[in-house]
There are 2 protein chains.
Amino acid sequence: MARAKKMAASPRKLPEQDRSRATVDTIIAAAARILVRDGYDAFTTNRVAEKAGVSIGSLYQYFPNKDALLSELMRRHTHAIEDGIEAMAERAKSAPLAEVVRIAIEHNVRSHLIDPELHRVLSEVPPLGKLDWEAAFTERMVSRVRDAFEAKRAEIVVADLDLAVYVVTHTVEAVVHNAVTERLADLKSGALAEEVTRMLVGYLTGKAVPAKRPSRAAAE
Amino acid sequence: MARAKKMAASPRKLPEQDRSRATVDTIIAAAARILVRDGYDAFTTNRVAEKAGVSIGSLYQYFPNKDALLSELMRRHTHAIEDGIEAMAERAKSAPLAEVVRIAIEHNVRSHLIDPELHRVLSEVPPLGKLDWEAAFTERMVSRVRDAFEAKRAEIVVADLDLAVYVVTHTVEAVVHNAVTERLADLKSGALAEEVTRMLVGYLTGKAVPAKRPSRAAAE
DNA sequence: GTGTAAAGTGAGCTATTACTCATATTATAC
DNA sequence: GTATAATATGAGTAATAGCTCACTTTACAC
């Protein structure tokens with residue numbers, strides 16, 4: 001079903017009273033719960049309505065179709081994540097290269113630690129093919145990283161700057177993304193960020209970056 | 001709808017005559033075509049049978065259920081990929097660290113260049129949650145990389161060897177995987193492998209690795 | 001209180017799915 | 001040729017999906 005990917009027409013009806021706003025929130029919360037706990041297969045509109053304790057009719061009063069529900073869920077999660085990203089980007093502007101890389105990683109880590117399970121499920125949800133959604137973050141990161149790299153061009157030895165940006169952004173994304181399920185401790189302690197920063201800075205500058213003391217945890 | 005993941009009981013009937021073996025091949029081919037061209041949503045048993053030009057009855061004569069069909073498709077693709085992997089692993093045994101890394105990348109690149117679209121779709125197919133299938137390759141790569149790293153322990157400055165293996169394998173997988181759609185030229189020319197090798201070796205050894213001439217393409 | 005619109009209900013429609021089975025066709029064995 | 005097993009067929013079934021709509025209940029305006 002939902003073969004022809006109808007896109008999220010705006011809500012059939014905008015909730016006006018507190019009661020209905022609460023209903024919408026309940027529905028969204030139920031949707032998230034089902035996705036996280038039971039996976040996309042179990043994510044049916046009937047089930048969501050049931051779990052939310054409202055009738056399917058109510059659900060379709062605020063969401064024109066299933067995709068719209070998913071969309072709104074993503075929109076809210078995205079919003080939560082991108083909160084504060086501007087400040088970070090600003091901070092990166094006047095920072096040395098190593099710090100730029102560290103900030104990019106830090107931002108990525110933060111993204112993944114806000115409701116990590118939901119984040120993971122959303123990134124694997126079929127209707128958007130994984131391409132549209134997580135790619136949106138990466139894309140934004142890419143352009144910011146590119147700007148930062150151009151400002152520090154002199155320190156970077158990699159000939160093809162686009163390639164450098166590509167390697168850095170995808171490395172960060174993959175390493176962090178998988179760490180949520182495979183190396184959570186290293187993620188939280190900052191050890192992973194430490195390693196990856198060292199690796200990437202070394203790659204970019206062409207100079208060896210001394211490993212910090214392997215002893216106590218790094219910043220953050 | 002295939003919620004409770006019944007696993008691939010062996011084919012209901014083993015094809016004995018040439019005619020039926022051809023039927024099976026046709027079905028598998030149609031399955032692959034549909035997956036690649038229309039995505040998993042369109043991958044229904046009825047459609048596969050239709051595209052293959054056989055009746056659904058015939059399909060269910062050789063595949064006990066939908067998952068079994070998918071399984072067999074994966075099995076065949078996997079087989080094509082892992083062909084020759086042993087030789088590579090052997091080659092890595094007596095090679096220097098840089099060469100080990102390069103071989104790991106090379107293997108990964110090869111995996112992704114055999115029917116790349118199919119590879120990508122299979123890695124995103126819902127029933128296996130992406131965890132089971134591609135993870136199988138990565139896992140095998142992980143253990144081989146780990147062995148190789150242990151043999152070269154002296155050259156590696158990273159304190160936590162597991163962490164090093166984790167970073168290297170996931171970096172390789174992500175960078176190569178995405179390059180299929182984003183940087184195919186660099187993938188095929190070897191430029192990407194070049195960059196990533198330099199980065200990873202630098203990371204592992206803690207020493208700067210001079211970039212090769214940015215001019216003509218690298219090995220292979 | 002009364003009118004009106006917002007909010008909420010849920011049986012049921014339509015479409016589609018994975019899968020079955022009684023039957024027909026083709027090939028091999030002798 | 002005839003028997004027997006292999007192969008192929010496709011209308012039909014049960015389940016479940018997304019979604020509708022005629023209707024009831026609740027809240028606000030005056």
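A note on names: the letters A, B, ... follow the listed sequences, proteins ahead of strands, and every chain is numbered from 1.
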Under 4.0 Å between a side-chain N or O of Tyr60(B) and OP1 or OP2 of dA8(D)? no

Do Asn65(B) and dC19(C) share a donor-acceptor pair, side chain to base, under 3.5 Å? no

From Ile34(B) CD1 over to Arg47(B) CZ, what is the distance, rounded to the nearest 0.5 angstrom? 6.0 Å

Could you tell me how far apart Phe43(B) (CZ) and dT16(C) (P) are, to the nearest whole angstrom? 19 Å

Residues Arg198(A), Glu194(A): salt bridge by 4.0 Å N-O rule: no

How many Å lie between CZ on Phe63(B) and P on dA8(D), as a whole number? 12 Å

Find the distance Leu69(B):CG to dT17(C):P and express it as a whole number of Å. 15 Å

At less than 3.5 Å, do the side-chain atoms of Asn46(B) and the base atoms of dA18(C) form a donor-acceptor pair? yes

Partners passing salt bridge (Lys or Arg N to Asp or Glu O under 4.0 Å) against Arg144(B) (at least two apart in sequence or in another chain): Glu86(B)

Counting only heavy atoms and a strict 4.0 angstrom limit, can you tell me which residues of residues 18-35 of chain A come near DNA chain C? Arg19(A), Ser20(A), Thr23(A)

May I ask you to say whether Arg110(A) pairs ionically with Glu106(A), meaning some side-chain N is under 4.0 Å from a carboxylate O? no

Both atom distances under 3.5 Å, Watson-Crick or G-U wobble: I'd like the secondary structure of DNA chain D as a dot-bracket string, with | for pairs made across strands. ||||||||||||||||||||||||||||||

Show each protein N/O and nucleotides 9-11 of chain C N/O combination with a separation under 3.5 Å, one pair to a line.
residue	atom	partner	partner atom	Å
dT9(C)	OP2	Ser55(A)	N	3.1
dT9(C)	OP2	Ser58(A)	OG	3.1

Quick one: list whatever passes side chain to side chain donor-acceptor pair (under 3.5 Å) with Arg183(B), sequence neighbours left out. Asp186(B)

So OH of Tyr203(B) and CG of Leu200(A): to nearest 0.5 Å the spacing works out to 10.5 Å

Here the gap from Thr78(A) atom OG1 to Ile114(A) atom CD1, rounded to the nearest 0.5 Å, amounts to 10.5 Å

Pairing residues for Asp83(A) by the side chain to side chain donor-acceptor pair (under 3.5 Å) criterion, not counting sequence neighbours: none

What's the CD-P distance between Gln17(B) and dA5(D), to the nearest Å? 13 Å

Which whole-number value in Å describes the distance from Asp41(A) CG to dT16(D) C1'? 12 Å

Please answer whether the main-chain N or O of Ala98(B) pairs with a side-chain N or O of Lys152(B) as donor and acceptor at a distance below 3.5 Å. no

Check this for me: does any side-chain nitrogen of one of Asp38(A) and Arg33(A) sit under 4.0 Å from a carboxylate oxygen of the other? no

Of all heavy-atom pairs linking Leu204(A) and Ala164(A), the shortest is CD2-CB, 4.0 Å

